[in-house]
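Here's the structure we're looking at; comments come further down.
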Amino acid sequence: MPLIYIFYIFLTSLFTSLVLIPNISRLAVSIGIFDEIDERKVHTGAIPRLGGIAIFFALLLGVILFTNIDRTMRGFLAGGVVVFLTGLTDDLEQIAPRMKFLGELMAALVVTLVGDIHITSIGDLFGQGEILLGYLSIPFTVFAIVGVINAINLLDGLDGLAGGVTAIAAAAFGLLAYLAGDEMMVGVSAAVLGAVVGFLKFNSYPARIFMGDGGSLFLGYCLAMLSVHLVQHTYATGQGSELTPLIILAVPVFDTVFVMGKRLVNGKRIFSPDRSHIHHRFMDLGLGHKTTVILVYGLSYFLATYAVMFRQLPDHLQLVNLVLLLVFFCLSNWALARLLEGKEHRFLRDDHALLSAYSYRWMVRYSHYFLTGVKYLILLVLSLPLFLINGPVNIANASVAWLLIVATLVLFLQTADLGNRFLQIIIYFNGAFLIYVVENSGRELDFMGLPVSYLSNYLFGLVLLGVVILLMLRKKTRLLMDSPLEYFVLFIAVTIPLLPDSVTRPVHLLSVAGKSMILFLGLKMVVLLEARRNRKIIAATMLSLLSLAAKSFL
């Protein structure tokens with residue numbers, strides 16, 4: 001499928017969604033289909049809830065016009081009709097949970113049997129060989145599809161939340177499918193993304209329309225099908241891990257597992273409504289509607305990026321990642337519960353509550369731990385070239401390293417001021433050069449069986465997460481860009497993606513630019529308050545530069 005077709009699919013679904021939603025909203029108002037207000041809901045007015053109709057038909061049009069309708073696609077479309085009608089019926093008549101579950105089950109069976117989409121293996125999870133499902137293949141696939149459908153349905157609790165998380169996941173699945181040459185799934189991903197982006201124009205806070213169960217069940221079904229197809233066809237060829245889709249969907253899936261597990265422990269029905277979802281806890285904590293949605297978006301984006309970057313890690317390492325994520329999620333929920341316990345009167349539930357919330361003041365008070373964490377992560381990042389000591393000699397890199405060493409020493413000796421602006425800028429350039437070296441040499445060398453470039457990706461992901469948390473807590477965004485030269489560096493970084501592939505690809509300039517910007521933000525946060533924090537950072541950069549410069553004598 002030519003790339004231009006992917007663009008056509010996205011635009012078709014996008015504009016169809018944009019055109020249909022205002023008309024569907026008026027229809028819902030005229031027939032009185034509104035989302036009911038109760039103690040679990042956060043909206044205060046009557047909002048029409050038939051947005052799922054626009055999402056369904058927008059995706060349907062994009063797929064039918066530009067993709068090949070083979071057996072797999074027929075199965076996907078047939079199952080999609082079943083799950084959409086199930087959700088739409090619930091929007092119109094409020095059917096019993098067991099009837100809705102039956103519709104989800106039928107849709108999963110249709111796409112599995114008609115489309116021949118099922119998971120045959122869950123990978124080499126324990127390093128003892130691939131685990132084949134055999135006769136359990138179809139039941140396991142049906143269970144997985146129904147699970148993802150309900151995960152997205154249960155996540156649909158705030159304006160724009162389920163739609164935004166779905167858009168992030170669809171973009172990640174589309175990229176994975178493109179890298180694997182799976183044209184059909186690229187088309188489906190583009191259609192999902194277009195339909196959801198169009199819907200989000202009307203669903204972002206404050207929402208003018210809700211997707212309803214017709215939309216949330218259908219989107220969950222689409223993400224489930226994309227996950228299963230990637231596992232069945234893409235990763236069965238050894239191009240990635242079978243657990244990658246689960247990492248992409250970790251936020252809704254783990255939230256559902258936690259909530260249902262808690263309900264079972266408390267003797268409640270697993271589908272009984274309550275306010276125990278993670279977004280409800282953030283709201284009760286006083287973070288406000290917009291902040292909560294942005295926070296969940298950020299976590300979903302981080303996990304999707306991580307999953308794509310580390311898609312080829314061995315299955316047993318992916319399993320370790322999933323277990324750590326689940327432990328982190330459970331501990332986070334436990335911490336939120338303890339913060340909320342007995343302090344409900346201290347929390348407000350509007351978008352101005354953040355600065356006055358007790359939990360926010362508590363996090364700000366201890367935010368220096370995040371700052372310390374970012375500092376030491378930066379030290380590890382700047383020390384990565386030390387792992388390249390046994391690598392090949394590069395005279396050009398050694399020469400540049402000598403020049404940067406001399407420039408740093410001259411500036412430092414002239415000013416003896418660790419907070420000197422030019423010294424800080426030299427540190428930025430030192431860091432960018434070290435990133436360049438690791439990106440181009442670290443792909444050939446490994447540390448404890450893991451390529452140094454993979455280790456670099458992991459560390460930069462943590463630095464970015466720490467910087468985002470600090471920005472939310474300390475409100476220092478105005479100080480991040482406070483000189484013309486820093487704006488010039490930013491301009492250079494954002495211009496690099498516009499260069500031809502023949503220029504950027506051979507030396508991995510795109511990843512160098514992205515990581516340089518993350519390092520820039522991290523350094524600004526670390527040296528913002530105290531210049532003496534530069535000491536260890538200068539030492540780490542000088543040591544790494546010396547390790548590269550010393551190769552000129554080899």
All N/O donor-acceptor pairs, side-chain side in residues 296-304, below 3.5 Å, sequence neighbours left out:
{"residue": "Y297", "atom": "OH", "partner": "G160", "partner atom": "O", "Å": "2.4"}
{"residue": "S300", "atom": "OG", "partner": "V296", "partner atom": "O", "Å": "3.0"}

Discussion item. Set out, in order, the CA-CA distance, both residues' side-chain angles and the distance that settles side-chain contact (heavy atoms from CB on, under 4.5 Å) for I152 and Y221, then state yes or no.
Written reply: CA-CA 9 Å; I152 299 300; Y221 167 82; over 6 Å; no
Residue pairs passing the salt bridge (Lys or Arg N to Asp or Glu O under 4.0 Å) test with at least one member in residues 162-181, sequence neighbours excluded, are none
Where the side chain of D159 meets the backbone of N203, is there a donor-acceptor pair that is under 3.5 Å apart?
-> no
Nearest heavy-atom approach of A191 to L59 is CB-CG, 3.9 Å
Here the pair of heavy atoms bringing A169 nearest to L249 is CB-CD2, 3.8 Å
| Would you say the side-chain atoms of R208 pair up with the backbone N or O of P48, donor to acceptor, closer than 3.5 Å? | no
Between the CD1 atom in I21 and the CG atom in L200, the distance rounded to the nearest 0.5 Å is 8.5 Å
Rounding to 0.5 Å, atoms CZ (F173) and SG (C222) come to a distance of 11.5 Å
Those residues at least two apart in sequence (or on a different chain) that pass side-chain contact (heavy atoms from CB on, under 4.5 Å) with D90 are I95, K100, D213
*Min side-chain heavy-atom separation L50-L92 under 4.5 Å*: yes
With sequence neighbours left out, the residues meeting side chain to side chain donor-acceptor pair (under 3.5 Å) with Y458 are none
Sequence neighbours excluded, the answer for side-chain contact (heavy atoms from CB on, under 4.5 Å) partners of T72 is D70, I117, M184, H229
Rounded to the nearest 0.5 Å, the OG1 atom of T244 sits from the CG atom of L176 at a distance of 6.5 Å
With sequence neighbours left out, the residues meeting side-chain contact (heavy atoms from CB on, under 4.5 Å) with D116 are R71, H118
*What orientation do F310 and Y306 show, parallel under 30°, tilted 30 to 60°, or perpendicular over 60°?*
tilted
Between the CD atom in Q318 and the CZ atom in R311, the distance rounded to the nearest 0.5 Å is 11.0 Å
Less than 3.5 Å apart, which donor and acceptor atoms pair up between the side chains of residues 9-18 and the rest of the protein, not counting sequence neighbours?
{"residue": "T12", "atom": "OG1", "partner": "Y8", "partner atom": "O", "Å": "2.8"}
{"residue": "S13", "atom": "OG", "partner": "I9", "partner atom": "O", "Å": "3.3"}
{"residue": "S13", "atom": "OG", "partner": "A58", "partner atom": "O", "Å": "3.1"}
{"residue": "T16", "atom": "OG1", "partner": "T12", "partner atom": "O", "Å": "2.6"}
{"residue": "S17", "atom": "OG", "partner": "A195", "partner atom": "O", "Å": "3.1"}
{"residue": "S17", "atom": "OG", "partner": "F199", "partner atom": "N", "Å": "3.3"}

Keeping N153 on the side-chain end and S216 on the backbone end, is there a donor-acceptor pair under 3.5 Å? no
Hits for side-chain contact (heavy atoms from CB on, under 4.5 Å) against A224, two or more places apart or cross-chain, chain-then-number order -> I145, V148
In short, V146 meets F101 closest at the heavy-atom pair CG1-CE1, 3.6 Å
Side chain to side chain donor-acceptor pair (under 3.5 Å) filter on S189, not counting sequence neighbours, yields none
Practice task
Would you please test T120 and L132 for side-chain contact (heavy atoms from CB on, under 4.5 Å) and show each step?
Solution key: CA-CA 6 Å; T120 58; L132 300 175; 5.6 Å; no
Tightest non-hydrogen contact, residues V374 and V467, listed as CG2-N, 4.2 Å
**Asked** Are the side chains of V196 and V192 in touch, meaning some heavy atoms are under 4.5 Å apart?
**Response** yes
| query | Just by modelled atom types, is the A108 backbone N or O under 3.5 Å from a matching donor or acceptor in the T112 side chain? | reply | yes
Nearest heavy-atom contact between V188 and M73 is CG2-CE, 3.7 Å
For E242 and S121, the nearest pair of non-hydrogen atoms, with its separation, is CG-O, 3.9 Å
d(H316 NE2, L243 CG) to nearest 0.5 Å is 11.5 Å
Between the OG1 atom in T305 and the CG atom in N457, the distance rounded to the nearest 0.5 Å is 10.5 Å
### Message
Would F254 and L322 count as a side-chain contact (heavy atoms from CB on, under 4.5 Å) here? Give the steps.
### Response
CA-CA 10 Å; F254 286 174; L322 277 174; 3.9 Å; yes
(message) With side-chain contact (heavy atoms from CB on, under 4.5 Å) as the criterion, how do S25 and F202 come out once you've worked through the C-alpha distance, each side chain's angles and the decisive distance to 0.1 Å?
(response) CA-CA 10 Å; S25 180; F202 304 92; over 6 Å; no
Donor-acceptor list for residues 77-89 side chains, cut-off 3.5 Å, not counting sequence neighbours:
{"residue": "T86", "atom": "OG1", "partner": "V82", "partner atom": "O", "Å": "2.8"}
{"residue": "T89", "atom": "OG1", "partner": "L85", "partner atom": "O", "Å": "2.7"}

Residues passing the side chain to side chain donor-acceptor pair (under 3.5 Å) test with T256, sequence neighbours excluded, are none
Is the backbone N or O of L219 less than 3.5 Å from a side-chain atom of T166, with the two atoms forming a donor-acceptor pair by type?
-> no
By salt bridge (Lys or Arg N to Asp or Glu O under 4.0 Å), D156 pairs with (sequence neighbours left out) none
Check: Should I248 and L223 count as side-chain neighbours, where that means a heavy-atom distance under 4.5 Å?
Finding: no
